[in-house]
Every structure is written in structure tokens, then in C-alpha cells.
> 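Below: one structure in C-alpha cells.
Bear in mind the structure is a predicted one, so any value in this text is a computation, not a measurement. Order of the sequence lines sets the chain letters (A, B, ...), proteins ahead of strands, with each chain counted from 1. Just so you know, these numbers use all the heavy atoms, side chains as well, and skip hydrogens, waters and symmetry mates.
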Amino acid sequence: MSGVTRGSVAIVGAAESDLGAVAALMSPMDLMAQGIYRALEDAGLTLKDVDGLFCATTQARTSAMSLVEYLGLPNAYTDSTIVGGSSFEVHVAHAHAALEAGLCSVAVVAYGSTQRTVGRRAASAREYNPYETPYQPFLPASAYAMAANRHMHEYGTTRAQLAEVAVAAREWALLNPVAWEKKPLTIADVLNARPISEPFTVRDICLVTDGGGAIVLTRADRARSLKHTPVYVLGSGQSITHASITSMPVLTHTGAIESGRQAYAAAGVKPADVSVLALYDAFTLNTILFLEDLGFCKKGEGGPFVEGGRIRPGGALAVNTNGGGLSYCHPGMYGLFLLIEAVRQLRGECGQRQIAGADIALVHGNGGVLSAQATTILGAPATV
Amino acid sequence: MSKSEASPLATYLAHLKKGELGYQFSPSSNAAVFYPRVIAPGTGAADLQWRVSKGLGTVHATTVVHPREGAPYNVCLVDVDEGFRMMSRIEEIVPADVTIGLRVKFRVHQPPGDEDPYPVFTPVAQAGQ
């Protein structure tokens, strides 16, 4: 985002709510509140300090209104922009501007979903589209499946290369105590799993879990006096190329090309400077597309690029160290969890899965059906 | 802009009920527009004209959906020759045989009851087949 100052705000608190399968009758707002309580505790702040609320969930039409009521913060600056899973990367960009402009001084970005408990259909009802619904695409999977079909056709990307993304995510998840999946996964397991929308099997597709969380942002001067090392917002970018897959301009080229360009320019960073990546892996294809579109390999070479364990633990490039939406947690809109993991990596809190010396994290959110792309580049203090 | 006498969708459906695949064309941007709209995307021009496609196209991308119950079925994107893309399905061919590049021809599918008709496609017989 142009017009804001690199590093003028920082993430000072980050936490997940309960994840996986939460207690019966928990609401999305309960999970947001739980995440906010824990993130404020992490920051060394309290709810009385909060004057900015940024939130999204598919289970409340007016989520900022609901969250204001729940928390009892009638005068909070609010923003419930919703562009699917990347909403939270957009919220960080908006909070950056709002904090810098003095519209608020402590901003919380929150998410909550009980998708596993209430069912995927109930958690995010599909709007009727007269030009798509009659054909019964299994959305969002069928949209991504058709993009994968094009990628395989144009570049020779193989089924096994897609599966490698799921296997790498699983290996990372086994290093994350709070990850949903606990058992190893092989390429053959992925290929032989139940087909959903070809070329995808159920193992190419993100989990269906409950979950939520929050992050807390303040201006840099205040951030430096708080509990943890601040994680600075270096740059953001956003591009929305379409809403329905029929209108995606080029199925193999996402808006990450543009959102990444904006974020790299704002942050003064290039791909080689990035030490840890958090890419929105709703489907195995996503990781391949975003590695290409964000400049970590050439267009069309994402399949071979992920081979040989390059993105597994111990590989050359640290991608989705929490286990990703494929194996750690995916309550429907995963973007907040990307930010939480990036914060933990830059603080050095990731234990077995910590990337030594991580100082710049690239977070990339994806919303809809490859529709809304949003990139956030975060940095440790030495990078500001 | 004067009051719309018929919505874009109603006009599209009226074409389908006559057996036609209607689409819009914006002379000022020299481009086909689909799905039908009130103004042209990108330019905002209010010069959208209705045209009728010849109904020929090429499969751009395809998937086979495996429902929990019932037979697998095709969902695809078709690039229609007049320069627009639409979602559809290819009939009279097994779903797994639908491939990128397949030439296809439009026909109207009329669901039972009072549901609206919608376009589907069938493979065009190739020379030598």
C-alpha cells in the first residue's frame, strides 16, 4: 500500500483461539474474543487499551457490529472488510493506515469460525450464481481444480508435484504441537485418497476445522515499550482480479503477481531477502502458484521447484512452517493464521520448527477462488 | 441512464427460451461481455448491445466432480468463439474424456419443472471421426 510509512506500525501480540474441534455451542464471536484475550495478554495490553477493531467471519453478516457489542467497545474504529481468506492481510494494510493516521492507537485484527462444528455449508452459504450454480461446481474446489488442470496442461505440472506440497505441509505439521493432523503422509497417500474434483483428491484440499485468533498492532514507538520484540509491517499489496472462476483473467496467473509487486516495492525487499514464507495453501496448487507469482521461481516451474524436499523441513526454502491450511488448521478463512505463524517465526518462538535467524517473513493471503490476493511483508527490528 | 425495462439476466434467459445463446458486446471497448451487465466492465460504457452467438466454442479448463452420492460429472469453462468465457458442462461424452481444446457446440438444457433453462455443450463431430 502506497502512502504509508515502512515499519511505522508493528504487530505486538498474536494468538490462536481454541483450534480444531472446539467446545459445543462456542460461537465465532466467542473464538474471536478468546483470540483477542490471548493476543492482548501476549502483548501485555488489556481490552481497555483497544480502540480499533478489524474482523471478518463468514458466520456474521455484520461482524464488526457483533464484535463491538460482544466486547463493549462502542467507540472503536471498525473495519469488517471481507474478501475471503485474505481479509486479514487486507486488515493489516488498513490498520497500518488507520494507526498512522491516528484513527486508532491499538488495533486488533480478529477471526473466528465454528465451521467444523456447524458444517461447511452452514458456516459459509454459497450465493446463487445463475451463470455457475446450475452446473453444480463443488466450490471452491472445482474452481481451483480447473486452474490446476490449466497449469498441468500448459506447464506439465504433475499430480505427484501437487502431492509433494501436501506431504511437505504434513511434515511441518508434525513439528507443530497444535496442528490438527498428527500422522505422516506420503505422495501415494495423496494420490490414492478419495477424488473430490479432479485432479484433486481430499488430500490436496485444506482441512475443515474450527478456529480463530487475533493479532494486535500499535505504532512503532509504543510497540518498542511492550512485552515482546515488535514485528514490523514493512509493506502490503492487494489485487482482486475476479470473484467467480469464470471471470479469472488467466487461470495460471494470480493477482499475487501484482500484490507481491506492491508489497516488495513498499518494503524494499526482494524474494531472496525473505527467510520464511506463509502462503495461503487452501489447495496444493496454491503453494505452487504463489511461489511462481511471488518470484521464488519462474512461471510454470513451481512443480519441479517443490520437488526434492525443497519446501519440507530442512529444505532450502521455509514455506508454511505451521503445517498450513492443509495440515495445521483451516476454519474457512485461513489468512489470520499466516500472520500468527510469521510473527512467531520472527520472534524466534517456533521451537522444533524455528527457522534460525528468520528476519523477514512474506505472508500471502488468498480469498475466494484465487480471487483476492493480499501480500504482507513483516520484519524483525534489524530490518526497519 | 433511463430505467431498465428488462434486467440483463432476464434478457439472457429470454434468449435461452428461444434456443439462443445471448451475450453482450461493447462497441466502445470492442469486446464481448459475459456475464451480462448494465454497464461494461473497465470502461463503464452504457453501450452494451445484445448479440446471439453461433454457439461454437472450445473447452478451456475442465474438472470431474465426484459427489458423495451419484455419478461423477463434468464442470468446465468454455471459450465461446465470439470472445467470451462461460461455465458449462459437456454432455454426450464421459466426463473423464472432456479435455482442454475439445471443440463443442451449444444447446439449451431445460431442467424439469419451472426451473430456468441453461446452456450446455456437446462435442462437435471432428472430420475423420
> Going by the side chain to side chain contact (heavy atoms under 4.5 Å, CB included) test, name the single residue among B:Val64, B:Thr62, B:Val65 that passes it with A:Glu198.
B:Val64

> Does atom NZ (B:Lys54) have a neighbourhood of more than 12 heavy atoms from anything else shown, all under 6.0 Å?
no

> Search all heavy atoms of A:Ile245 against all heavy atoms of B:Leu77 and return the closest pair with its distance.
O-CD1, 4.2 Å

> Please look at B:His60 and chain A and tell me whether the side chain, the backbone, both or neither of the residue comes under 4.5 angstrom of a heavy atom of that chain.
both

> Please classify the contact between A:Met152 and chain B as side chain, backbone, both or neither, with a heavy-atom cut-off of under 4.5 Å.
neither

> Give a yes or no on this: more than 12 heavy atoms of other residues, nucleotides or ligands lie within 6.0 Å of atom CD of A:Glu127.
no

> Contact part of B:Pro36 toward chain A, heavy-atom cut-off under 4.5 Å: side chain, backbone, both or neither?
both

> Which atoms of B:Pro119 come close to chain A, meaning under 4.5 Å heavy atom to heavy atom: side chain ones, backbone ones, both, or neither?
both

> Under 4.5 Å from any heavy atom of chain A, what part of B:Tyr12 do you find: side chain, backbone, both or neither?
side chain

> Parallel, tilted or perpendicular for A:Tyr131 and B:Tyr35, by the 30°/60° rule?
parallel

> Please classify the contact between A:Pro137 and chain B as side chain, backbone, both or neither, with a heavy-atom cut-off of under 4.5 Å.
both

> Considering only heavy atoms from C-beta outward, does the side chain of A:Arg194 approach that of B:Arg68 to under 4.5 Å?
yes

> Counting only heavy atoms not in A:Lys298, do more than 12 fall under 6.0 Å of its NZ?
no

> Just verifying a value: how many Å separate B:Thr63 OG1 and A:Phe138 CZ, rounded to the nearest 0.5 Å?
11.0 Å

> Which of the residues A:Ala148, A:Pro195, A:Ser142 is involved in the greatest number of heavy-atom pairs with chain B at under 4.5 angstrom?
A:Pro195

> Check the pair B:Ile100 / A:Asn149 against side chain to side chain contact (heavy atoms under 4.5 Å, CB included), numbers first and verdict last.
CA-CA 8 Å; B:Ile100 290 171; A:Asn149 175 240; 3.2 Å; yes

> Does A:Lys183 have more than 12 heavy atoms from other residues, nucleotides or ligands lying within 6.0 Å of its NZ?
no

> Quick one: CZ on B:Phe84 to OG on A:Ser247, what's the gap to the nearest 0.5 Å?
12.5 Å

> To the nearest 0.5 Å, what is the distance between NE2 on B:His109 and OH on A:Tyr135?
9.5 Å

> Given a strict heavy-atom distance threshold of 4.5 Å, which part of B:Ser88 is in contact with chain A: side chain, backbone, both, or neither?
both

